[in-house]
Amino acid sequence: MVVERVVLAARPEGSAGLEHFRLEQVDRPAPAEGEVLVEVSHLSLDPYMRGRMSDAKSYAEPVAVGAVMTGQGVGRVLESRTEGFAEGDLVTGRTGWQSHAVLPATELRKIDPSLPPSSALGVLGMPGFTGWVGLNKYGRPKTGETLVVAAATGPVGAMVGQLAKRAGMRTVAIAGGAEKCRIAQETFGFDSAIDHRAFDNVKDLRAAIAAAAPDGVDVYFENVGGDVLRAVLPLLNTHARVPVIGTIAWYEGASNDGPDTLPALWRQVLVKRLSIQGLIIFDHWNDFPAFLDMLKGGYLGKQVVAL
């Protein structure tokens with residue numbers, strides 16, 4: 001009858017560490033009318049959570065010091081006080097980092113028990129949905145064009161790569177390490193893959209991307225920032241599209257050392273007539289059923305669904 005939970009103990013300045021979290025035990029709550037008690041089996045760990053640990057103004061409220069860390073979870077219903085959910089149902093919702101959670105039924109969704117539970121937190125959840133929305137709405141893929149995406153073996157990048165390939169694009173993966181590059185090509189079907197860790201400067205990384213994208217880059221799916229963005233930017237074609245869903249390289253504080261590159265960036269936007277679109281997936285939840293229908297219809301291979 002005890003809940004174990006991880007709370008935010010302090011706000012980090014720079015890198016987050018164990019000292020910024022605290023493990024607590026509290027009495028397990030009982031669901032009220034219209035609520036469901038869930039025993040959590042799987043938790044998400046997503047890059048956006050670093051932003052929630054900060055109290056800087058953003059698109060969502062920060063996690064309060066002393067509050068349970070936010071996050072999506074999967075688990076089984078232990079007790080239900082609402083129609084539509086029964087004991088034993090496999091569900092997903094914003095449980096937070098804790099062993100048990102009580103949530104309103106309106107904030108839970110049943111998931112297919114024949115699929116790996118973790119898929120609801122990855123390719124069949126918010127990350128996969130983000131890739132689908134970002135590429136289709138803002139990347140606007142076209143046959144014969146070239147796409148580059150970093151973090152290409154994560155659930156967002158893997159979704160983007162497969163969708164782009166199905167749209168007839170040349171697909172270039174950027175990933176960290178030879179093994180991830182192998183997975184990008186052999187599992188997710190990218191045309192080529194580049195190990196960014198193999199380069200110690202932006203110039204050489206840019207040359208490798210240029211070799212993989214000889215016709216330039218038409219869609220750069222931005223979820224990393226940092227040196228990858230610096231490498232790709234000069235390779236963008238006129239009227240290229242850049243959906244921006246994250247800049248993880250800068251989440252723990254961007255360095256202000258060195259020259260100001262903003263003027264050069266803004267000139268690239270002007271002379272190449274680039275389309276740069278920020279994306280917060282909360283704005284698009286009305287499209288989530290269509291996304292699931294697309295996957296259930298066998299649009300992608302079974303390999304990605306199994307991750």
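Atom set for the values below is all heavy atoms of this structure, side chains included, hydrogens, waters and symmetry mates excluded.
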Novice: Going by the angle between their ring planes, with limits at 30° and 60°, are W285 and F288 parallel, tilted or perpendicular?
Specialist: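 Ring orientation, 0 to 90° scale: perpendicular.
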
Novice: Would W97 and L45 satisfy side-chain contact (heavy atoms from CB on, under 4.5 Å), going step by step from the backbone distance to the final call?
Specialist: CA-CA 9 Å; W97 293 10; L45 184 61; 3.4 Å; yes

Novice: Charged N to carboxylate O under 4.0 angstrom, E145 versus R241?
Specialist: yes

Novice: Find the distance between OG1 (T70) and CZ (R94) and round it off to the nearest 0.5 Å.
Specialist: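 Here the interatomic distance stands at 4.0 Å.
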
Novice: To the nearest 0.5 Å, how far apart are CH2 in W132 and CD1 in I281?
Specialist: 9.0 Å

Novice: Under 4.0 Å between a Lys/Arg side-chain N and an Asp/Glu carboxylate O for R81 and E35?
Specialist: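 Not counted as a salt bridge, because no side-chain N and carboxylate O are separated by less than 4.0 Å.
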
Novice: Go through the steps for H20 and M53 under the test side-chain contact (heavy atoms from CB on, under 4.5 Å), then give the verdict.
Specialist: CA-CA 9 Å; H20 300 112; M53 297 172 69; 4.2 Å; yes

Novice: For E13, is the CD atom crowded, meaning more than 12 foreign heavy atoms sit under 6.0 Å from it?
Specialist: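 Not more than 12 within 6.0 Å, no.
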
Novice: Quick check for you: to the nearest 0.5 Å, what is the distance between E222 atom CD and T247 atom OG1?
Specialist: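 One finds 7.0 Å between CD of E222 and OG1 of T247.
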
Novice: Out of curiosity, does L103 fall in the hydrophobic cluster containing V68 (side-chain heavy atoms, cut-off under 4.5 Å, transitive links)?
Specialist: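 No; tracing contacts between hydrophobic side chains, which count when under 4.5 Å, never links both residues.
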
Novice: Decide if atom CG of D27 counts as having more than 12 heavy atoms of other residues, nucleotides or ligands within a radius under 6.0 Å.
Specialist: no

Novice: With the threshold set at 4.0 Å, does a side-chain nitrogen-carboxylate oxygen contact exist between R76 and E39?
Specialist: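 Salt bridge absent between R76 and E39.
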
Novice: Grab the two heavy atoms, one from V40 and one from A101, that are nearest each other, plus how far apart they are.
Specialist: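 Scanning both residues, the minimum pair turns out to be CG2-N, 4.5 Å.
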
Novice: Measure the NE2-CD1 distance between H196 and I174 for me, rounded to the nearest 0.5 Å.
Specialist: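 Nearest 0.5 Å value for the NE2-CD1 distance: 8.0 Å.
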
Novice: Would a hydrophobic clustering, with Ile, Leu, Val, Met, Phe, Trp and Tyr connected at side-chain separations under 4.5 Å, put I248 with L205?
Specialist: yes

Novice: Evaluate L292 against F129 for side-chain contact (heavy atoms from CB on, under 4.5 Å), listing each step before the verdict.
Specialist: CA-CA 8 Å; L292 289 181; F129 182 48; over 6 Å; no

Novice: Are any of the side-chain heavy atoms of D195 and C181 separated by less than 4.5 Å?
Specialist: yes

Novice: Could you state the interatomic distance from OG (S192) to CD (Q185), rounded to the nearest 0.5 Å?
Specialist: 6.5 Å

Novice: Taking the side chain from T146 and the backbone from D218, do they hold a donor-acceptor pair closer than 3.5 Å?
Specialist: no

Novice: Between K110 and G84 (side chain of the first, backbone of the second, donor and acceptor by atom type, cut-off under 3.5 Å), is there such a pair?
Specialist: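 Judged by distance alone, yes, a pair lies under 3.5 Å.
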
Novice: Whether the side chain of T171 engages the backbone of L147 through a donor-acceptor N/O pair (distance < 3.5 Å, no angle test) should be reported.
Specialist: no

Novice: Can you list the steps and then say if L43 with M69 is a side-chain contact (heavy atoms from CB on, under 4.5 Å)?
Specialist: CA-CA 11 Å; L43 293 173; M69 272 299 298; over 6 Å; no

Novice: Would the number of heavy atoms belonging to other residues, nucleotides or ligands and lying under 6.0 Å from CD of E24 be above 12?
Specialist: yes

Novice: Going only through I, L, V, M, F, W and Y residues with side-chain contacts under 4.5 Å, is there a path from V36 to L90?
Specialist: no

Novice: Any donor and acceptor pair, going by atom type alone, linking the side chain of D46 with main-chain N or O of Y48 inside 3.5 Å?
Specialist: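 Not a single qualifying donor-acceptor pair exists.
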
Novice: Give, for atom CG of L135 and atom CD1 of I245, the distance between the pair rounded to the nearest 0.5 Å.
Specialist: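 Rounded to the nearest 0.5 Å, the CG-CD1 separation comes to 11.5 Å.
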
